[in-house]
Amino acid sequence: MSKNIYITTTLPYVNSDPHVGFAMEIIRADVLARYHGLIGNNVFLNTGTDEHGTKIWEKAQAEGIDVQKYVDSYAEKFKGLSDLLNLSSDIHFIRTTDESHVKAAQEFWKIVDQNGYIYKAPYEAKYCVGCELEKTDSELVDGRCPIHPDKDLELISEENYFFKFSDFTQPLLDFYEQNKNFVLPDFRFNEIKKFVERGLRDFPISRVKEKMPWGVPVPGDEDQVMYVWFDALVNYISTLGWPNGEDFKNFWEEGFTLQIAGKDNLRQQSAMWQAMLMAANIKNTDKVVINGFLNGPDGKKMSKSLGNVINPYDVVKELGADAVRFYLTYNVSSFEDSPISVEMIKESFNANLANGIGNLTNRVVKMAENYDVVVKLPEPKDVWFDKEHVGQEYHEAFKNFEPQKALEYLMNEVREMDLFIATEQPFKKVKVDELSAKEDVARLMLNLFYMGVLLEPFMPETSAKVVEAVGTRTTPKEPIFKRLD
RNA sequence: CGCGGGGUAGAGCAGUGGUAGCUCAUCAGGCUCAUAACCUGAAGGCGGCCGUUCGAGUCGGCCCCCCGCAACCA
């Protein structure tokens with residue numbers, strides 16, 4: 001009865017430190033992965049780093065370091081997120097410079113080529129001598145570089161390989177029509193449909209090696225390397241051992257595939273990659289979930305110049321992984337952009353974790369201790385299949401890929417328990433009707449236990465602490481979450 | 001008419017036709033099991049105009065403002 005679930009994030013490009021937005025993406029992927037593992041499904045969770053391309057090449061050159069060393073050091077930083085954010089220990093981490101990935105990307109190219117979707121043609125680009133950069137039309141104002149309007153643009157021309165993206169306009173539209181819930185949320189699905197409806201353009205998928213050698217070599221052409229996107233997207237299957245491998249068969253072909261991405265990746269994930277899969281005769285992704293962005297508290301995009309950048313390392317160091325995991329699932333909108341600041345995280349920490357979960361655990365367990373309340377607790381693993389004590393909205397939320405709502409359910413449970421204590425006043429009742437007071441506390445202990453267990457996908461450490469406190473009927477020596485001043 | 005999102009209490013959000021809700025912050029009260037925590041109550045709100053409707057935050061039109069994207073920004 002158990003299912004195979006494949007969950008992947010996008011691969012962040014390693015030209016800067018891990019962004020808190022990516023931390024959110026991987027945390028949300030991890031929450032879903034943990035949940036599915038807990039209810040008995042087989043889960044393959046993938047993340048990694050995208051390490052090829054012009055920007056990385058240029059940056060390494062500029063810093064005067066060997067490009068391999070440059071990407072190695074970044075890969076380590078991103079791998080560090082796994083411990084930092086307390087991600088599932090069996091998470092798969094793929095680097096697009098891994099040999100197995102490079103081979104898979106080349107194999108993928110060959111198949112797409114054999115199927116007739118790759119052709120060679122002249123590629124013309126506009127080059128601003130002032131910037132020393134290629135410019136796309138969208139970057140130009142009145143056909144001139146806005147930074148150097150006095151300089152004429154040079155036309156450079158080279159032979160590149162192109163992907164026949166245009167052939168997939170109709171197949172993609174048909175695919176969208178047949179899979180009405182392919183992209184979540186709806187408004188992003190509409191956005192990509194409109195984009196595809198306008199008609200797709202072929203695009204170059206290679207670069208001249210002489211100019212930019214940092215890429216996967218094009219099979220059968222010494223002089224060209226792959227355009228970074230064409231290579232990078234293949235990671236979603238190369239991580240599974242494609243073209244061979246049991247994992248590919250079990251998880252991609254016979255399992256349920258879920259891709260989580262930021263809204264900047266809508267096109268690449270839901271159109272480009274899907275067309276590539278079609279071109280290679282591989283099954284399409286089952287579901288793409290698109291997150292919004294995290295902005296500064298003023299709603300403006302985070303940037304170093306505005307000084308509103310949140311560094312995940314700093315916040316975790318101060319508040320702990322669970323607090324960050326909590327904030328990024330509970331307080332951040334599922335799909336819309338959200339503002340974020342350290343102050344907002346701390347506010348939520350005090351309200352929900354210190355005053356909420358932490359304090360509740362203390363007061364309930366303390367009463368159980370004092371009144372010698374004995375409770376028979378179920379096995380944690382049975383909680384996941386208990387339909388009597390667990391609201392179905394909890395599981396529904398996960399089925400709908402909105403774990404935030406499951407967490408809302410748990411936080412409501414916390415509030416109800418606090419209210420129950422205030423209403424029933426077992427601490428007062430114990431003096432006149434001990435039995436009834438004990439029943440109240442036993443009921444609280446049981447509910448707290450359930451809440452604690454169900455917290456595991458979101459906050460594994462906290463979950464363990466709550467479960468232990470209830471199980472051993474001992475208040476934690478250190479507060480689970482100490483209130484911040 | 002390029003594409004999309006948004007404008008609901010001081011802040012952050014929910015609310016897709018039927019008495020406008022939640023969290024934080026503020027003020028007042030209660031409680032003492034608990035981490036000065038918890039509970040109750042109060043004040044305070046749908047960007048603007050027009051329309052559809054018995055009834056509009058919700059549907060339609062126009063306008064204003066904010067934010068992304070525009071084929072390599074998580």
Side-chain angles (χ1 to χ4, degrees), chain A residues 9-13 15-16 18-26 50 52-56 136-139 165 185 187-188 190-195 197-198 200-204 227-229 232 260-268 271-272 291-295 297-303 330-333 335-341 343-344 346-348 350-356 358-371 405 408 411-412 414-415 417-423 425-430 437 440-441 444 475-476 478-485:
Chain A
T9 66
T10 54
L11 300 196
Y13 202 60
N15 62 348
S16 62
H19 192 284
V20 66
F22 178 68
M24 175 172 86
E25 189 175 314
I26 186 68
D50 179 2
H52 288 124
T54 314
K55 278 189 187 170
I56 287 165
T136 61
D137 286 337
S138 61
E139 289 175 304
F165 200 24
F187 62 81
R188 293 289 170 219
N190 288 338
E191 191 175 342
I192 196 63
K193 282 182 199 161
K194 291 242 179 167
F195 172 72
E197 275 169 15
R198 287 201 296 277
L200 300 170
R201 276 205 326 249
D202 296 351
F203 62 94
Y227 171 59
V228 58
W229 273 108
I260 299 178
K263 68 179 187 181
D264 56 311
N265 256 275
L266 175 65
R267 288 178 188 179
Q268 288 83 342
M272 196 190 292
N291 290 323
F293 272 1
L294 295 175
N295 296 318
D298 52 0
K300 298 242 173 69
K301 196 167 174 170
M302 280 186 203
S303 72
Y330 185 68
N331 293 88
V332 174
S333 168
F335 307 119
E336 303 288 354
D337 290 359
S338 301
I340 183 172
S341 68
E343 285 66 36
M344 292 168 84
K346 287 184 175 174
E347 183 184 296
S348 168
N350 275 343
N352 299 301
L353 303 181
N355 299 351
N359 183 53
L360 177 71
T361 302
N362 246 33
R363 62 195 307 211
V364 169
V365 174
K366 191 74 176 180
M367 283 191 277
E369 267 183 299
N370 292 348
Y371 314 153
K405 294 198 169 149
E408 276 171 22
M411 294 313 290
N412 272 329
V414 170
R415 266 174 230 118
M417 281 185 259
D418 272 328
L419 181 57
F420 180 80
I421 297 171
T423 313
Q425 299 184 302
F427 48 85
K428 199 178 268 183
K429 203 189 276 182
V430 73
D440 287 346
V441 175
L444 285 163
T475 49
E478 290 292 316
I480 298 178
F481 296 105
K482 195 164 164 40
R483 193 180 160 82
L484 304 164
D485 296 316

Presence of A/K428 side-chain N/O under 4.0 Å of B/rC33 phosphate oxygens OP1/OP2: no
Under 3.5 Å on both distances, the Watson-Crick or G-U partner of B/rG29: B/rC39
Gap between atoms CG and P, on A/N352 and B/rC13 respectively (whole Å): 15 Å
Earlier contact from the 5' end, RNA chain B, for A/R201 and A/Q425: A/Q425
N/O donor-acceptor pair under 3.5 Å between A/S338 side chain and A/S333 backbone: yes
Expected output: side-chain A/Y227 to main-chain A/G53 donor-acceptor under 3.5 Å: no
Side-chain heavy atoms of A/L444 within contact of A/R363, under 4.5 Å: no
A/I340 and A/M24, any side-chain heavy atoms less than 4.5 Å apart: no
Identified pairing partner of B/rU58, criterion: Watson-Crick or G-U wobble below 3.5 Å: none
Euclidean distance, atom NZ of residue A/K346 to atom P of B/rA25 [Å, nearest integer]: 15 Å
Spacing of the C1' atoms in B/rG47 and B/rA42 (rounded, Å): 28 Å
Euclidean distance, atom CZ of residue A/R267 to atom C1' of B/rC72 [Å, nearest integer]: 12 Å
P gap between B/rG60 and B/rU53, integer Å: 16 Å
With the criterion being N/O to N/O and under 3.5 Å, what pairs connect the protein with nucleotides 35-39 of chain B, and how long is each?
{"unit_1": "B/rU35", "atom_1": "O2", "unit_2": "A/F481", "atom_2": "O", "d": "3.4"}
{"unit_1": "B/rU35", "atom_1": "O2", "unit_2": "A/R483", "atom_2": "N", "d": "3.3"}
{"unit_1": "B/rU35", "atom_1": "N3", "unit_2": "A/F481", "atom_2": "O", "d": "2.6"}
{"unit_1": "B/rU35", "atom_1": "O4", "unit_2": "A/G358", "atom_2": "O", "d": "3.1"}
{"unit_1": "B/rU35", "atom_1": "O4", "unit_2": "A/N359", "atom_2": "N", "d": "3.3"}
{"unit_1": "B/rU35", "atom_1": "O4", "unit_2": "A/F481", "atom_2": "O", "d": "3.4"}
{"unit_1": "B/rA37", "atom_1": "OP1", "unit_2": "A/R483", "atom_2": "NE", "d": "2.8"}
{"unit_1": "B/rA37", "atom_1": "OP1", "unit_2": "A/R483", "atom_2": "NH2", "d": "3.4"}
{"unit_1": "B/rA37", "atom_1": "O2'", "unit_2": "A/N359", "atom_2": "OD1", "d": "3.1"}
{"unit_1": "B/rA37", "atom_1": "O2'", "unit_2": "A/N359", "atom_2": "ND2", "d": "2.3"}
{"unit_1": "B/rC38", "atom_1": "O2'", "unit_2": "A/R363", "atom_2": "NH1", "d": "3.1"}

Distance, P atom - from B/rU58 to B/rC66, rounded to whole angstrom: 22 Å
Sugar-phosphate only, base, or nothing, as touched by A/Q268 at under 4.0 Å among non-hydrogen atoms: sugar-phosphate
Watson-Crick or G-U wobble mate for B/rU53, both contacts under 3.5 Å: none
Atom P, compared across B/rC64 and B/rG48: separation rounded to whole Å: 15 Å
Side chain to side chain, A/N350 and A/F481, heavy atoms closer than 4.5 Å: no
A/F293 over B/rA74, stacked by centroid distance under 5.5 Å, angle under 30°: yes
Atom-pair distance (CG on A/N295; C1' on B/rC66), nearest Å: 11 Å
Value in whole Å for how far the C1' atom of B/rC13 lies from CG of A/N331: 9 Å
Expected output: side-chain A/D50 to main-chain A/P12 donor-acceptor under 3.5 Å: no
Sugar-phosphate, base or nothing in reach of A/N370, heavy atoms under 4.0 Å: nothing
Flag side-chain contact, heavy atom, 4.5 Å: A/V228 against A/Y13: yes
Of A/L294 and A/L200, the one whose closest RNA chain B nucleotide lies more 5': A/L200
Length of the line joining A/E408:CD and B/rC24:P, which is rounded to integer Å: 14 Å
Whole-angstrom distance between B/rG18 and B/rG57, as gauged at atom P: 10 Å
Selected nucleotide, minimal atom distance to A/F427 side chain, candidates B/rC33, B/rA74, B/rG2: B/rC33
Watson-Crick or G-U wobble mate for B/rC3, both contacts under 3.5 Å: B/rG68
Atom pair distance, as rounded to whole Å: OH in A/Y330 and C1' in B/rC24: 11 Å
From CA spacing to verdict: side chain to side chain contact (heavy atoms under 4.5 Å, CB included), A/N370, A/F427: CA-CA 10 Å; A/N370 292 348; A/F427 48 85; over 6 Å; no
Side-chain heavy-atom pair A/N291, A/I260 within 4.5 angstrom cut-off: yes
Interatomic distance at C1', B/rG61 relative to B/rU26, whole Å: 41 Å
Whole-Å distance separating the CD1 atom of A/I340 from the P atom of B/rG12: 14 Å
Whole-angstrom distance between B/rC39 and B/rA34, as gauged at atom C1': 13 Å
Using nucleotides 4-11 of chain B, report all nitrogen or oxygen pairs with the protein that are shorter than 3.5 Å.
{"unit_1": "B/rG4", "atom_1": "OP1", "unit_2": "A/K194", "atom_2": "NZ", "d": "3.0"}
{"unit_1": "B/rG4", "atom_1": "O2'", "unit_2": "A/E191", "atom_2": "OE1", "d": "3.2"}
{"unit_1": "B/rG5", "atom_1": "O3'", "unit_2": "A/E336", "atom_2": "OE2", "d": "3.4"}
{"unit_1": "B/rG5", "atom_1": "O2'", "unit_2": "A/E336", "atom_2": "OE1", "d": "2.6"}

Same-atom distance (C1') from B/rG51 to B/rA43, integer angstrom: 35 Å
For A/R188, all residues meeting salt bridge (Lys or Arg N to Asp or Glu O under 4.0 Å), sequence neighbours excluded: A/E191
Within-4.5 Å side-chain heavy-atom neighbours: A/F293 and A/H19: no
Watson-Crick/G-U partner (both atom distances under 3.5 Å) of B/rG10: B/rC24
Side-chain heavy atoms of A/Q268 within contact of A/T10, under 4.5 Å: no
Per A/Y227 side chain, nearest of listed nucleotides B/rA71, B/rC72, B/rC33: B/rC72
Nucleotide forming a Watson-Crick or wobble pair with B/rU19, both distances under 3.5 Å: none
